[in-house]
Amino acid sequence: MSGRGRTRPDIVSGSHGGYGMRVQTKRNIVRTARSALLVMLVCAIGLTCAADCPAPDLNGDCRVDMADFAVLVDQWLMGPDYTTEGLHAYWALNETEGLWAYDSSGHGFTAQLKNNPLWRPQGGIVAGAIELDGVNDSLSAGFVLNPAEGPFSVFAWVKGGDDRQVILTQLDGVGVGREWLQIDTSNGYLITRLTDGTSLLQSQTVITDGDWHHVGVVWDGLRRSLYVDGQQVAHDEEPIAGLQWCNGGLSIGAGKTGADYTFWDGLIDDMRIFARVLNEEEIHTLSTPPEFPPNSADFNGSDGIDMADFALLADYWLVGPPGEYRCIWVDSWYWNPSFMSPSEADDLIATCRENNINTVIVQVRKVGDAAYNSNVEPRIESWIGGGPSFDPLGYLIDIAHDTSGGKPYVQVHAWFVAQRISKLETLHPEHVLSQHPDYVMLDVNGNEIADNGRYIDPGHPGAVDWNVEVILDCLRNYAIDGINLDYIRYPGSAWGYNPVSVARFNAVYGKTGTPSLSDPDWSDWRRECITLAVKKIYIQSMRIDPGVVLTVDTINWGWGYDNYTASSPYASVFQDWVGWLRSGIIDYNTLMGYVCQSCECTGCPVSNPIRYQNWCNLSLDNDDKRGSILSTGAYLQLKVQDAIDQLLWARSRNAAGLNIYDWYSEVSRNEIGESRADFYRELKNQVFPEWVDPPKPEWKTHPETAILEGHITDGPLPVDHATVEVVGLPEACTVTDGSGWYGILDVPPGEHTLRIRFYDVDLTVPVVVPHPGDIITVDADLANRP
């Protein structure tokens, strides 16, 4: 609802469409291709993780050129053309280590290894395979497919097995789970227990003879068919009533009850589930192993050479190796060494270079203070170990950017805590709350202490502009590579009742009194205040340095990944990071994936690993315009491998980067006595075996659109919440903030009309955008309108 007849544009993120949908834009296809290539580059099947030559080097000369293209074409013509139409889940099982089997279909059905089955990188029929011990090994995936909902096909390669052992089963969820593929009780025959409740389907074909066999079951909606090595070996002569309904998860290599006799003893490889019926030719092709060396030119892991692999090789050839952010957060609290003395900074950068970490995110502002020479806020003198003349940020940048002697360039991102401004310490006279106590945030009852600290309210225009100036002052005076925003949110849904913000809200919405916590307009208002603040920092910082990267530390409490508009970030602290990604007002989402991998989650709807993955997937599924840097809370993990597994999983999902929280707390909760040295050894061995530079964001290096920004005033007064839009670009509609500022992204070059509406004022201004990447300032004074 708008106040006093004004049209209020919906700039909250719901206006961008349904959350969770991934649109395959050109940029995303290229990014996905290059990210997949990076995985192949550092951990390719058949290569060591420390390979000296790039993965697309197919002829062994350590160059990617026409000769490699010729090899790819030769393999393309030799290899079988595996169908991907209707591919619903696909576990290639080509991993070399870790606790996850990744779904190559793109649908995110990652399976977790149970009781340490063994990866066999060279032991599969198609590249690698998984070996299960027949005692208690298995793989567990979530719900993938309901047998009662329509036709499907399931195929896999298997070797070994014994009577009653299970290849694939569905657990009892809501409904009845059945063994999809199993060995009969005494003969080694392939059977399926998928049923309408009256009968199983049994072949007379032995598959437990120690050889590889391609096995599968097809349900066409009327009849079941079993296949071995491309041939139909059993089928229903008459139609059956329909398969039983079930929404349980899948278990690979074990029965649904976990009975001892059901665990598979042998190898499983290349398991595929299709949401359709495969024809005989497609089944025969699936049962035909590649004739060329496994995965030599199959860069995208599809077990077939195709146009996607050509695109990967061409991209590497033309552009060079893809980048990856490899970050570590470094706080500046007194209890940990950080970068507050020369020796600490030297140790930090030396450790990063030694372990191929290319980016440090250093906390330069904790509580309205500065770990550098700020012109706006007081220095943290008592914590700066180098003395009153030492500049922590300046020294760190000098050594991180020093490339003499072949040292790699380490990016430095300045980490600013935005809204939380005090931890109840005695305030310095130059502290923002000493100078502007009216900026403080209050809750609905007038309290100002939240989580043992104080916040400044983004609904107060002065508080926003103070934060903007703090960041711009640092950017003007230091060669930082990035800006990292933390606590850019409210502490909870009861907060944000600064009197200035309340008065602004009531004026905009035509209301009076104290807003109710249940008022959706009040929630939208606070969400909008945070979003406009983020946008202002993004655009204003680009005016100083167009290449500076903005990252934002975002929360993921609870299980709101499947209902984002009711989730904690969106509905509780009003931090709409999905909307920020989709609208492009941040460069990367540094999602704070602080989840203990091995800890039990009592009463939780999903396990901790699945919760971690689902939040990460939400970011990835909405970052086509920008990117996601996925994090591990190393300090939470009970063993080093848990952090490593989270990072490896994030890489497998084509994240733009990986992040660690944080320096000097890497093993603080380790339960098996591992040290920081152990952590960095495994990090280098498994995750960062060689140096890779950070990526160069295409939207900054090769922009396709421009930005409009400016101030709307009425004489000397800022115009609060005027509607501003570019005519013909409906998604560009925005509003001015409390200082009269507006910003519009994604404006194509050319001649445009800027339209400004405020109550009865409807003003248009002609605008010319000469080039992509331009930031055009268009101010307007309503008092001087024609």
Side-chain angles (χ1 to χ4, degrees), residues 35 38-39 42-43 49 95-103 108-114 116 119 139-142 324-329 355-357 359 361 551 553-559 561 588-601 604 606-621 623 627-663 665-672 674 676 678-689 692:
S35 298
L38 176 61
V39 176
V42 298
C43 281
C49 279
E95 290 78 6
T96 60
E97 57 195 354
L99 300 177
W100 305 99
Y102 302 108
D103 173 20
F109 297 122
T110 302
Q112 184 176 11
L113 276 62
K114 300 291 187 181
N116 298 312
W119 293 114
L139 290 80
S140 176
E324 178 183 61
Y325 275 108
R326 297 170 171 185
C327 313
I328 188 164
W329 274 299
N355 295 282
N356 299 319
I357 297 171
T359 303
I361 304 176
T551 59
D553 306 338
T554 57
I555 67 164
N556 43 84
W557 305 331
W559 298 271
Y561 42 76
Y588 296 98
N589 179 28
T590 37
L591 185 69
M592 296 186 291
Y594 305 157
V595 176
C596 176
Q597 185 84 347
S598 295
C599 296
E600 292 295 327
C601 190
C604 301
V606 297
S607 67
N608 276 346
I610 298 302
R611 183 167 76 91
Y612 171 82
Q613 293 173 24
N614 284 343
W615 275 113
C616 291
N617 284 333
L618 180 65
S619 185
L620 293 164
D621 286 344
D623 74 350
S628 299
I629 299 174
L630 302 181
S631 308
T632 181
Y635 76 102
L636 282 172
Q637 308 308 328
L638 306 184
K639 56 182 182 294
V640 165
Q641 191 61 45
D642 286 350
I644 300 301
D645 285 341
Q646 288 184 343
L647 294 173
L648 290 172
W649 180 89
R651 172 177 287 153
S652 77
R653 294 288 291 134
N654 301 325
L658 312 177
N659 203 356
I660 299 162
Y661 187 82
D662 79 331
W663 177 250
S665 70
E666 302 92 339
V667 292
S668 60
R669 299 189 189 179
N670 193 282
E671 290 190 344
I672 58 176
E674 292 172 297
R676 292 183 70 237
D678 295 326
F679 176 86
Y680 284 104
R681 183 188 65 249
E682 294 308 313
L683 182 73
K684 184 174 183 178
N685 288 343
Q686 297 188 48
V687 190
F688 303 149
V692 173

Trp615 (side chain) donor-acceptor with Gly558 (main chain) under 3.5 angstrom: yes
Verdict with reasoning, Gln597 to Trp649, per side chain to side chain contact (heavy atoms under 4.5 Å, CB included): CA-CA 12 Å; Gln597 185 84 347; Trp649 180 89; over 6 Å; no
Smallest separation among heavy atoms of Cys596 and Leu638, with atom names: SG-CG, 3.9 Å
Under the salt bridge (charged side-chain N to carboxylate O under 4.0 Å, His left out) test, residues paired with Arg681 that sit two or more places apart: Asp678
Thr632 OG1 to Met592 CE distance, which is reported to the nearest 0.5 Å: 13.5 Å
Gln641 and Gln686 side chains, donor-acceptor separation under 3.5 Å: yes
Validation row: Ile357, Tyr680 side chains within 4.5 angstrom (heavy atoms): yes
Evaluation steps, side chain to side chain contact (heavy atoms under 4.5 Å, CB included), between Ile660 and Leu647: CA-CA 9 Å; Ile660 299 162; Leu647 294 173; 4.3 Å; yes
Validation row: Ile629, Cys327 side chains within 4.5 angstrom (heavy atoms): yes
Residue pair Asp553 / Thr590, side-chain donor-acceptor N/O under 3.5 Å: yes
Where Ala101 and Leu113 come nearest, the two heavy atoms and their spacing: N-CD1, 3.8 Å
Qualifying residue, where the test is ring-ring contact (aromatic ring centres under 6.0 Å, His included) with Tyr594 and the options are Tyr661, Trp557, Tyr612: Tyr661
Atom pair CD1 (Ile610) and SG (Cys604), whose distance is rounded to the nearest 0.5 Å: 12.5 Å
Contact summary for Trp559 and Arg611, nearest pair of heavy atoms: NE1-CD, 3.2 Å
Distance-minimising heavy-atom pair for Cys599 and Asn608: O-ND2, 3.0 Å
Reported OH-to-CG distance for the pair Tyr102 and Leu648, which is rounded to 0.5 angstrom: 6.0 Å
Partner set under ring-ring contact (aromatic ring centres under 6.0 Å, His included) for Phe109, not counting sequence neighbours: His88
Any donor-acceptor N or O pair under 3.5 Å, side chains Ser628, Asp623: yes
Gln112 side chain near Pro609 side chain, heavy-atom distance below 4.5 Å: yes
Candidate list Asn614, Asp621, Asn556, test side chain to side chain contact (heavy atoms under 4.5 Å, CB included), partner Tyr561, passing option: Asn614
Any donor-acceptor pair under 3.5 Å from Asp645 side chain to Gly98 backbone: no
Beyond-backbone contact of Leu658 with Val687, side-chain heavy atoms, under 4.5 angstrom: yes
Close side-chain approach of Leu683 to Ile644, heavy-atom, < 4.5 Å: yes
Rounded distance (nearest 0.5 Å) linking atom OG of Ser668 with atom OH of Tyr635: 8.0 Å
Within residues 635-644 or reaching into it, pairs that qualify as salt bridge (Lys or Arg N to Asp or Glu O under 4.0 Å) - sequence neighbours excluded: Lys639-Asp642
Short side-chain to backbone donor-acceptor contact, Ser619 and Cys616, under 3.5 Å: no
Val692/Arg326 under side chain to side chain contact (heavy atoms under 4.5 Å, CB included): CA gap, chis, key distance, verdict: CA-CA 8 Å; Val692 173; Arg326 297 170 171 185; 3.4 Å; yes
Closest non-hydrogen atom pair, Ala655 against Leu620: CA-CD2, 3.9 Å
CD on Glu95 to OG on Ser652, rounded to 0.5 Å: 8.0 Å
CA sep, side-chain torsions, deciding dist, call: Val667, Phe679, side chain to side chain contact (heavy atoms under 4.5 Å, CB included): CA-CA 7 Å; Val667 292; Phe679 176 86; 4.1 Å; yes
Asp103 vs Thr110, side-chain hydrogen bond (donor to acceptor under 3.5 Å, both in side chains): CA-CA, chis, key distance, verdict: CA-CA 5 Å; Asp103 173 20; Thr110 302; over 6 Å; no
Thr551 side chain vs Asn589 backbone, donor-acceptor pair below 3.5 Å: no
Short side-chain to backbone donor-acceptor contact, Gln637 and Ala643, under 3.5 Å: no
Nearest heavy atoms of Ile361 and Asn659, plus distance in Å: CD1-ND2, 3.7 Å
Polar contact flag, side-chain donor to acceptor under 3.5 angstrom, Arg653-Asn617: yes
Interatomic distance, Asn685 atom CG to Glu97 atom CD [nearest 0.5 angstrom]: 9.0 Å
Check ion pair Lys684-Glu682 (N to O, under 4.0 angstrom): no
Gln646 side chain to Val595 backbone, donor-acceptor under 3.5 Å: yes
